[in-house]
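One structure below.
Since we're looking at a predicted model, the values are computed, not measured. All residue numbers refer to positions in the sequence shown, counting from 1. Excluded from the calculations below are hydrogen atoms, water molecules and symmetry mates; all remaining heavy atoms, backbone and side chain alike, are included.
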Amino acid sequence: MKKVCTKLFILFAAFTLTAMPAAAYASETVIAKEPVPSAPGQQQASSLDLAPSARSAVLMDADSGTVIYEKDSNVKLPPASITKVMTMLLIMEALDDGKIKLTDKVPTSEYAASMGGSQIFLEPGEEMTVDEMLKGIAMASGNDASVAMAEKLAGSEQQFVVMMNEKAQQLGLQNTHFANCNGLPAADHYTSAHDIAVMSRELLKHSEITKYTGSYQDYLRKSSEKPFWLVNTNKLVRFYSGADGLKTGFTNEAKFCLTATAKRDNLRVIAVVMGEPNTKTRNAEVSQMLDFTFAQYTTHPIFKEGDTMGTMKIEKGSVRELPLVAKHPYSILLKKGAATNDIRYELQIEQPLKAPVAIGQSIGKLVVYQGDQVVKEFPVDAPQSVDKAGWFKLLKRSFSGLFS
């Protein structure tokens with residue numbers, strides 16, 4: 001009996017030793033994936049490896065935000081110069097808000113001129129317009145131009161980085177933190193392929209940006225003694241039909257990265273790859289991702305940019321209502337050939353909406369249905385600020401209401 005017990009103990013110990021490491025290893029390596037939004041008639045490309053050499057990748061419809069393909073898209077990685085997508089987004093927002101103009105002069109500090117890496121070779125004290133700085137950032141990936149613009153907008157790069165991280169929070173980017181405005185290697189500076197796609201989608205809402213990101217070549221200081229020839233670091237804008245952005249990146253740590261966008265007909269796509277081994281593989285795999293999308297998918301338009309979506313009624317506001325105009329296209333992604341006859345939408349505005357209302361304030365949503373099924377919800381923001389009406393105006397309205 002004693003021998004039998006001894007053998008049983010040995011067998012149990014052997015089983016425990018062989019089973020435990022496997023369980024421990026599995027618990028360290030399994031990564032839970034978040035659910036991916038779907039669209040009617042859509043089948044996600046999960047069975048295809050469209051970016052086999054990438055450390056991380058994502059393929060997204062720019063209008064709806066629908067993810068078509070992803071590979072470890074939420075892993076935190078160094079983004080290198082793709083960081084400048086957020087830098088350009090804050091610049092475009094400042095232009096839209098009237099805080100700066102394209103013709104404004106931007107001085108170069110000694111700190112900005114000292115950046116090194118990719119640059120447009122700004123000298124301390126040199127001035128360029130916002131328009132020229134944007135060219136330098138978008139096309140030549142100028143680290144010096146990025147810092148000069150950061151200092152123009154926020155007073156210092158450090159304060160601009162605070163703005164970058166605040167914007168990341170507003171966009172719901174859970175795997176992003178910035179330490180600088182240009183992507184040079186730094187501790188605690190990371191993002192993910194998914195978050196880059198969301199940033200890129202937000203940047204593309206400013207349609208003028210592709211004037212810069214989509215240009216293949218241009219000049220700075222053209223009339224000076226030292227003209228500087230700009231050639232876009234993203235070669236797809238020249239060699240891939242419909243490509244007009246957005247941003248490349250490379251450091252030894254990040255390897256070769258790219259967030260690319262292309263548009264054919266009404267379909268705009270964003271493709272992000274991170275950690276590619278070289279530029280040839282990076283461009284080939286992004287092209288493959290774009291090719292797949294354009295071959296398989298189409299869009300069903302809900303509103304075009306500039307279309308009137310409805311009205312926003314405001315209680316006790318300086319105006320009683322405002323028209324809601326589409327600031328960018330609204331559409332849903334469909335597999336080619338999918339039925340569209342039962343697609344409809346509803347504009348659901350919060351009621352009652354009381355003044356004051358701030359520009360950009362969330363006021364409701366645009367809900368798209370296929371039959372009775374919700375297939376997509378778009379947030380709707382206030383197109384402008386509305387102050388509370390004065391007591392005299394409110395009194396006048398009350399009297400006019402009595403006799404109407």
Side-chain angles (χ1 to χ4, degrees), residues 76 78-138 140-192 195-196 198-200 202-203 205-206 208-209 212-213 246-247 249 251 254 259 358-361 381 385:
K76 297 175 183 177
S81 282
I82 289 182
T83 299
K84 297 182 178 83
V85 168
M86 181 60 85
T87 301
M88 289 189 288
L89 174 57
L90 293 182
I91 295 171
M92 298 308 294
E93 288 186 342
L95 285 165
D96 282 357
D97 293 342
K99 295 177 181 176
I100 55 172
K101 300 188 294 293
L102 287 172
T103 54
D104 285 353
K105 293 288 187 180
V106 182
T108 303
S109 67
E110 288 192 14
Y111 174 66
S114 72
M115 283 300 104
S118 299
Q119 56 183 306
I120 57 173
F121 299 98
L122 292 168
E123 296 181 1
E126 183 177 4
E127 290 187 336
M128 283 192 180
T129 64
V130 171
D131 179 68
E132 291 169 323
M133 290 289 188
L134 264 173
K135 288 180 186 178
I137 296 168
S141 196
N143 296 326
D144 46 2
S146 298
V147 173
M149 281 303 307
E151 292 173 339
K152 172 73 173 178
L153 289 175
S156 69
E157 185 189 19
Q158 292 81 359
Q159 187 56 40
F160 187 79
V161 170
V162 171
M163 293 167 58
M164 294 171 74
N165 287 315
E166 287 175 349
K167 187 65 181 181
Q169 287 186 333
Q170 291 172 17
L171 294 175
L173 308 185
Q174 298 180 4
N175 298 302
T176 295
H177 186 270
F178 297 108
N180 59 51
C181 66
N182 48 35
L184 288 170
D188 208 26
H189 187 90
Y190 56 83
T191 186
S192 67
D195 286 2
I196 289 169
V198 173
M199 278 183 260
S200 299
E202 196 68 18
L203 178 59
K205 290 178 181 178
H206 304 269
E208 322 84 67
I209 194 62
Y212 301 95
T213 62
L246 272 171
K247 193 70 198 70
T251 62
T259 174
I359 185 172
Q361 176 182 326
D381 301 332
S385 296

* To do: Check Val161 against Cys181 and note the closest heavy-atom contact, atom names and distance.
  => CG2-N, 4.2 Å

* Asked: Can you name the side chain to side chain donor-acceptor pair (under 3.5 Å) partners of Thr191, sequence neighbours left out?
  -> Thr176

* Side chains of Ile120 and Met128 in contact at under 4.5 Å (non-hydrogen atoms) -> yes

* Who are the salt bridge (Lys or Arg N to Asp or Glu O under 4.0 Å) partners of Lys101, not counting sequence neighbours? -> Asp104

* Do Leu173 and Ser192 have side-chain heavy atoms sitting under 4.5 Å apart? -> no

* Structure fact -> Shortest non-hydrogen pair, Ala148 vs Pro107, comes out as CB-O, 4.0 Å

* Rounded to the nearest 0.5 Å, what's the gap from NZ on Lys105 to CE on Met133? Could you check? => 9.5 Å

* Donor-acceptor pair, Asn165 side chain versus His177 backbone, under 3.5 Å? -> no

* Point-to-point distance, once rounded to the nearest 0.5 Å, from CD1 of Ile196 to CG of Leu203 -> 12.5 Å

* Can you run down the salt bridge (Lys or Arg N to Asp or Glu O under 4.0 Å) pairs that involve residues 114-123, sequence neighbours left out, and say none if there aren't any? => none

* Which salt bridge (Lys or Arg N to Asp or Glu O under 4.0 Å) pairs, counting each pair once, include a residue from residues 148-160, with sequence neighbours left out? -> none

* Asked: Applying salt bridge (Lys or Arg N to Asp or Glu O under 4.0 Å), which residue pairs with at least one partner in residues 178-190 are found, sequence neighbours left out?
  -> none

* Approximate separation, where rounding is to 0.5 Å, of Leu246 CG and Met88 CE -> 6.5 Å

* Do you know which two heavy atoms are closest between Gly142 and Lys84, and how far apart they sit? -> O-CE, 3.7 Å

* Flag for Thr87-Ser146: side-chain donor and acceptor within less than 3.5 Å -> no

* Charged N to carboxylate O below 4.0 Å: is that the case for Glu132 and Lys135? -> no

* Enter the distance from Thr83:OG1 to Lys247:NZ here, rounded to the nearest 0.5 Å. => 9.5 Å

* Asked: Which heavy atom of Tyr190 sits nearest a heavy atom of Pro79, and at what distance?
  -> CA-CD, 4.1 Å

* Closest contact, heavy atoms only, Leu153 versus Phe160 -> CD1-CE1, 3.7 Å

* **Side-chain heavy-atom pair His206, Glu93 within 4.5 angstrom cut-off** => yes

* Can you name the one residue among Leu102, Asp131, Ile209, Leu90 that meets side-chain contact (heavy atoms from CB on, under 4.5 Å) with Leu95? -> Leu102

* Asked: Below 4.5 Å, heavy atoms only, C-beta onward: do Leu171 and Leu89 meet side chain to side chain?
  -> yes

* Asked: At what distance, to the nearest 0.5 angstrom, does OG of Ser109 lie from CE of Met115?
  -> 7.5 Å

* To do: Decide yes or no on side chain to side chain contact (heavy atoms under 4.5 Å, CB included) for Asn180 and Asn143, but give the supporting numbers first.
  => CA-CA 10 Å; Asn180 59 51; Asn143 296 326; over 6 Å; no

* For the residue pair Leu134 and Met92, establish whether any side-chain heavy-atom pair is separated by less than 4.5 Å. => yes

* For Asp381, all residues meeting salt bridge (Lys or Arg N to Asp or Glu O under 4.0 Å), sequence neighbours excluded -> none

* **Residues Asp195, Met86; criterion side chain to side chain contact (heavy atoms under 4.5 Å, CB included); working and verdict** => CA-CA 11 Å; Asp195 286 2; Met86 181 60 85; over 6 Å; no

* Is any side-chain heavy atom of Leu184 less than 4.5 Å from a side-chain heavy atom of Thr251? -> no

* Heavy-atom side-chain contact between Glu127 and Val106 under 4.5 Å -> no

* To do: Please name the pair of heavy atoms, one in Ala254 and one in Pro78, separated by the smallest distance, quoted to 0.1 Å.
  => CB-O, 3.3 Å

* Sort out for me which residue in Thr108, Leu122, Asn182 forms a side-chain contact (heavy atoms from CB on, under 4.5 Å) with Asp144. => Leu122

* Asked: Got Ser385 and Gln361 here, is their nearest side-chain heavy-atom distance under 4.5 Å?
  -> no

